[in-house]
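Since this is a predicted model, take the numbers as computed values, not measurements. A, B, ... follow the sequence lines: proteins, then strands. Residue 1 opens every chain.
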Amino acid sequence: MTIPAIEITGLSKSFGSDHKKNQALTDLSIVIQPGEVFGFLGPNGAGKSTTIKLLLHFLKPDSGSLRILGHTVGQDEFRHRIGYLSEFPFFYDHLTARETLLLSGRLSGMTRQAIDQRLPMLLEHMSLTEAADRRVGGFSKGMKQRLGMANALVHDPEVLIFDEPMSGLDPVGRHQIKGLIAELKQEGKTIFFSSHILSDIETLCNRIGIIHKGVLLYSGGLRDFLVAGVGLEESFVRIIEEANRASFA
Amino acid sequence: MQALRNIWFLALSTCTEGIRHRTLWAVVCLASLLTMANLGVTTLYSWDLGKVSVEFGLSAVAFTGLLLIFFLGMKILADDLERSRIFMLLSRPVSTWQYLTGKFLGLAMILLLATIILGLSAALSMRYVLWLYAAFVPPNFSWLTCIMALACQWLSLVVVLALSVLCFSFAKQPFVALLLAVCSYLVGQNMELLRRVVVENPQAGALAGQEQLVIALSWIFPNLSLFDKKYEAAYGMAFSGQEFVLLCLYAISYSALLLYLATLLFRHKEIA
């Protein structure tokens with residue numbers, strides 16, 4: 001039996017104290033198999049980023065368990081096998097793109113030689129070759145996003161976790177990142193990415209999860225979710241509205 | 001081995017980031033001007049010119065170091081959290097203690113560099129004053145003692161830096177961390193004096209009868225006055241190598257303890 005790439009079981013998380021408790025996630029369970037591209041959908045504030053931060057152990061769960069490649073999050077060391085891109089990638093403004101990638105590679109346990117071999121290809125792929133020796137502080141949003149992507153891929157990880165990878169990008173930038181995710185999919189990487197840009201999810205994902213107010217409304221194949229003759233957007237809006245009606249009733 | 005490597009890479013990147021930061025150079029320029037002002041300030045006095053020059057030079061270094069810790073060091077640490085840069089680092093196989101130690105060492109390296117630059121600048125101005133007013137050169141004046149005093153100054157800054165890292169590890173707002181660090185510095189600077197006043201004087205005002213409390217506090221806060229060797233340097237007083245080694249050990253062990261506590265506290269912090 002194959003070990004799931006990502007396995008989330010009964011995950012709950014709340015913020016704040018007893019009187020002002022905000023339940024961010026309730027009993028969330030998701031299984032993602034190796035090689036899958038899983039799109040994590042939900043409106044703003046649904047709990048997508050919280051789930052990702054729990055997966056990376058930036059936050060600690062109230063209950064439930066998280067496993068990546070068979071390793072328990074927060075107990076075993078597996079982070080050299082995952083690549084992460086945050087929604088707003090920030091870097092050290094005064095380091096160059098090359099120095100940033102070098103730092104990330106070294107922290108992931110790569111040798112200087114291995115990084116030197118991989119960097120030109122990665123920079124070329126992200127159209128950053130000419131900007132490689134420029135300080136990151138002067139980069140545009142799109143360049144930072146591409147650098148963030150290079151940063152997530154520098155150590156050639158098996159599992160990729162992207163938080164809103166296309167957020168705030170212009171159409172050209174979005175196209176580039178989309179193309180890259182499609183390539184990674186072909187290479188057999190496991191990709192977990194959150195987004196609320198439904199057209200991107202429709203093109204790239206095998207399976208999707210829909211989360212609303214911290215509750216998972218759907219997890220399964222993209223095709224199974226789409227109602228005959230209705231697009232993803234309409235199906236998505238319908239399931240969210242149904243959930244809203246149910247919560248008011 | 002990878003742990004040590006991680007610390008080194010983090011320290012190196014923090015140091016590079018700090019060195020290229022405009023704040024560092026603005027503060028260093030200001031301090032160089034301040035040290036050069038030594039020439040003007042010293043001539044305002046009509047006696048002990050050598051002592052004034054040495055004390056003023058070393059004080060300028062200490063003042064600049066504090067500015068660097070509170071405005072550059074704590075900014076770099078706070079930006080890591082506020083601008084989510086920490087995600088880039090902690091999504092890799094880097095543990096909390098490696099992160100904090102790497103940051104601490106990187107900032108300590110910046111302080112060392114600034115101390116060397118400012119020390120040289122202070123030495124130049126001191127050399128000029130001592131040459132101009134040769135009659136006021138303290139007997140037994142030694143440049144070695146001055147260098148040792150400068151090194152003690154740096155050690156004191158390293159302890160204040162460790163205090164700042166500790167405050168950063170548990171404070172929810174960077175401003176609170178800054179405030180706590182400044183207060184701890186002021187307490188550390190005056191703790192020994194307070195302890196002596198209370199212990200040796202039975203009529204110590206509001207603190208009379210609180211000797212045990214003050215002694216306990218003096219064990220908790222760092223004794224920063226120990227590192228102040230300006231007086232010895234200015235008067236050319238003997239400053240033994242053994243005392244210097246003990247001060248080094250004190251600074252290293254106290255900073256290590258603070259970093260350990262910072263790690264314990266930071267582990268409980270949720271990075272949202």
Open item on the list: More than 12 heavy atoms of other residues, nucleotides or ligands under 6.0 Å from CZ of A:Phe78: yes or no?
Closed with: yes
TODO: Count the heavy-atom pairs under 4.5 Å between each of B:Ile86, B:Ile76, B:Leu89 and chain A, then report the option with the highest count.
DONE: B:Leu89
Task: Check: A:Leu25 main-chain N/O paired with A:Gln23 side-chain donor or acceptor under 3.5 Å - done: yes
Task: Carboxylate-amine/guanidinium contact B:Glu55 B:Lys230, below 4.0 Å - done: no
- [ ] Kindly check if the number of other-residue, nucleotide or ligand heavy atoms within 6.0 Å of CZ (B:Phe244) is above 12?
- [x] yes
TODO: Please find out if less than 6.0 Å separates the ring center of B:Phe227 from that of B:Tyr250.
DONE: yes
Task: Test item: A:Gln75 side-chain N/O and A:Thr72 main-chain N/O as donor-acceptor pair under 3.5 Å - done: no
TODO: Assess the pair A:Phe162 and A:Phe192: is the distance between their ring centroids shorter than 6.0 Å?
DONE: no
Task: Residues of residues 121-156 of chain A within contact distance of chain B, non-hydrogen under 4.5 Å - done: A:Arg135, A:Asn151, A:Ala152, A:Val154, A:His155
Open item on the list: Is A:Leu95 in contact with chain B via its backbone, its side chain, both, or neither, using a 4.5 Å heavy-atom distance?
Closed with: both
Open item on the list: Quick test of your reading of the model: are B:Asp79 and B:Lys75 salt-bridged, counting only N-O distances below 4.0 Å?
Closed with: yes
Open item on the list: So if I take each residue of residues 6-20 of chain B and look for any heavy atom under 4.5 Å from a heavy atom in chain A, which residues do I end up with?
Closed with: B:Asn6, B:Phe9, B:Leu10, B:Ser13, B:Thr16, B:Glu17, B:Arg20
- [ ] Among A:Leu107, A:Ile161, A:Leu56, A:Thr100, single out the residue with the greatest number of heavy-atom pairs under 4.5 Å to chain B.
- [x] A:Leu107
Open item on the list: Regarding A:Glu183 and A:Lys185, does a basic nitrogen lie under 4.0 Å from an acidic carboxylate oxygen?
Closed with: no
Open item on the list: Tell me whether the rings of A:Phe58 and A:Tyr84 are parallel (<30°), tilted (30 to 60°) or perpendicular (>60°).
Closed with: perpendicular
TODO: Scan side-chain atoms only and decide if A:Ser108 and B:Arg92 contain a donor-acceptor pair under the 3.5 Å cut-off.
DONE: yes
Task: Proximity breakdown for B:Asp80 and chain A, heavy-atom pairs closer than 4.5 Å - done: side chain
- [ ] Would you check if there is a donor-acceptor pair between the side chains of A:Asp62 and A:Ser14 at a distance under 3.5 Å?
- [x] yes
Task: Leading residue by heavy atom contact count with chain A [cutoff under 4.5 Å; candidates B:Lys103, B:Gln98, B:Arg5] - done: B:Lys103
Task: Residue part contacting chain B, namely of A:Thr50, when any heavy atom lies under 4.5 Å - done: neither
